[in-house]
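Let me begin by presenting the structure, written as structure tokens, before commenting on it.
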Amino acid sequence: NAGVMQNPRHLVRRRGQEARLRCSPMKGHSHVYWYRQLPEEGLKFMVYLQKENIIDESGMPKERFSAEFPKEGPSILRIQQVVRGDSAAYFCASSSQIGDGYTFGSGTRLTVV
Amino acid sequence: QQQVKQSPQSLIVQKGGISIINCAYENTAFDYFPWYQQFPGKGPALLIAIRPDVSEKKEGRFTISFNKSAKQFSLHIMDSQPGDSATYFCAANKGSSNTGKLIFGQGTTLQVKP
């Protein structure tokens with residue numbers, strides 16, 4: 001039973017490009033959460049999704065960021081027109097119940113140059 | 001009200017010693033308090049968690065102490081080992097809400113010296 005799979009592990013983008021981060025939850029988990037971790041800081045909640053639904057996006061920046069969790073396939077976090085300040089580690093977590101027993105992936109480290 | 005404040009920011013302990021990390025919260029609606037351990041280049045891993053109906057929970061060398069009236073909880077690592085060197089995060093969540101959002105502390109970097 002594979003854990004939460006995130007890819008790519010490392011992503012380098014030039015300013016203005018788009019970044020697409022993928023997350024496949026653990027088998028049987030229907031709740032997906034995205035968090036951002038800036039250097040030397042804790043994790044900040046971004047968005048909570050269930051299949052085909054965004055439940056809570058209170059932590060998402062209003063512009064350039066979007067997330068989806070389609071019926072088939074992984075959850076995607078998309079960042080359009082990236083800026084240097086978007087450089088961070090982005091972690092996905094999944095659970096079988098709301099807010100309990102999270103399992104995190106190993107993260108995608110985004111570097112904007 | 002949504003913050004969780006964690007201290008210290010960093011901690012150095014000798015092998016065999018006790019590591020203590022503290023967290024404080026404001027929102028009395030929080031009812032789930034997990035601790036996560038993160039190694040460099042890895043995602044956080046759930047270590048131990050507590051709900052406010054108990055004042056202490058122990059799993060092996062790891063113990064959470066919970067003080068509901070003071071709105072504080074702490075992680076104690078007994079007989080600390082070099083392999084425990086990692087970053088530790090406390091978190092809190094309102095389990096009865098319709099969202100699984102965890103509010104994380106700022107993290108504590110623990111170094112256990114041999």
Side-chain angles (χ1 to χ4, degrees), chain A residues 2-10 21 23-26 29-50 53-60 67 69 75 88-109 111, chain B residues 1-11 21-25 27 29-53 57 59 75 86-110:
Chain A
V4 177
M5 305 299 292
Q6 288 190 250
N7 65 81
R9 289 294 306 276
H10 300 274
L21 289 62
C23 168
S24 296
M26 283 187 68
H29 286 190
S30 59
H31 304 269
V32 168
Y33 315 84
W34 286 93
Y35 285 79
R36 176 165 62 177
Q37 185 175 34
L38 293 168
E40 310 299 325
E41 291 190 17
L43 292 94
K44 304 293 185 187
F45 171 82
M46 298 183 75
V47 62
Y48 161 47
L49 310 103
Q50 295 181 23
N53 287 300
I54 297 173
I55 308 300
D56 182 349
E57 56 182 347
S58 58
M60 289 276 272
F69 188 16
S75 175
Y90 291 83
F91 290 97
C92 169
S94 71
S95 69
S96 57
Q97 301 177 55
I98 294 174
D100 203 346
Y102 272 33
T103 299
F104 278 89
S106 294
T108 294
R109 280 145 188 87
T111 302
Chain B
Q1 264 227 326
Q2 286 287 76
Q3 280 190 320
V4 176
K5 294 184 179 178
Q6 183 172 346
S7 62
Q9 188 173 1
S10 62
L11 183 61
I21 304 170
N22 301 297
C23 283
Y25 63 97
N27 190 342
F30 288 153
D31 59 4
Y32 175 66
F33 303 91
W35 284 90
Y36 284 83
Q37 178 188 57
Q38 185 180 28
F39 293 105
K42 301 291 185 183
L46 179 64
L47 198 59
I48 186 172
I50 197 168
R51 296 193 185 274
D53 52 345
K57 183 174 181 179
E59 290 184 3
L75 176 68
T87 300
Y88 293 81
F89 293 97
C90 63
N93 169 276
K94 188 168 68 172
S96 57
S97 72
N98 62 353
T99 174
K101 177 166 60 178
L102 279 174
I103 309 298
F104 281 86
Q106 298 89 334
T108 297
T109 301
L110 171 65

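A note on names: the letters A, B, ... follow the listed sequences, proteins ahead of strands, and every chain is numbered from 1.
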Q. What part of B:Q38 gets closer than 4.5 Å to chain A, counting heavy atoms only: side chain, backbone, both or neither?
A.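 Contact with chain A: side chain only.
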Q | Whether B:T109 side chain and B:T87 backbone form a donor-acceptor pair below 3.5 Å | A | no
Q) Which atoms of A:Q37 come close to chain B, meaning under 4.5 Å heavy atom to heavy atom: side chain ones, backbone ones, both, or neither? A) side chain
Q.
Using heavy-atom distances under 4.5 Å, tell me whether A:T103 contacts chain B through its side chain, its backbone, both, or neither.
A. neither
(Q) A:F104 and ring pair (Phe, Tyr, Trp, His ring centres under 6.0 Å): which single residue from A:Y90, A:Y35, A:W34 fits? (A)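 The option that passes is A:Y35.
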(Q) Please evaluate residues B:Y88 and B:L47 with respect to the criterion side chain to side chain contact (heavy atoms under 4.5 Å, CB included), reporting the C-alpha separation (whole Å), side-chain torsions for both, the decisive distance (0.1 Å), and the verdict. (A) CA-CA 9 Å; B:Y88 293 81; B:L47 198 59; 3.7 Å; yes
Q) Looking at B:G43, B:P44, B:G41, B:A49, which makes the most heavy-atom pairs under 4.5 Å with chain A? A)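 Of the options given, most contacts go to B:P44.
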Q: Under 4.5 Å, counting heavy-atom pairs only, tell me which of A:G107, A:A89, A:G42 racks up the most with chain B.
A: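 Maximum pair count with chain B is reached by A:G42.
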Q. How are the rings of A:Y33 and A:H31 set relative to one another: parallel (under 30°), tilted (30 to 60°) or perpendicular (over 60°)?
A. parallel
Q: For A:I54 and A:A67, work out which heavy atoms get closest and say how close.
A: CD1-O, 3.5 Å
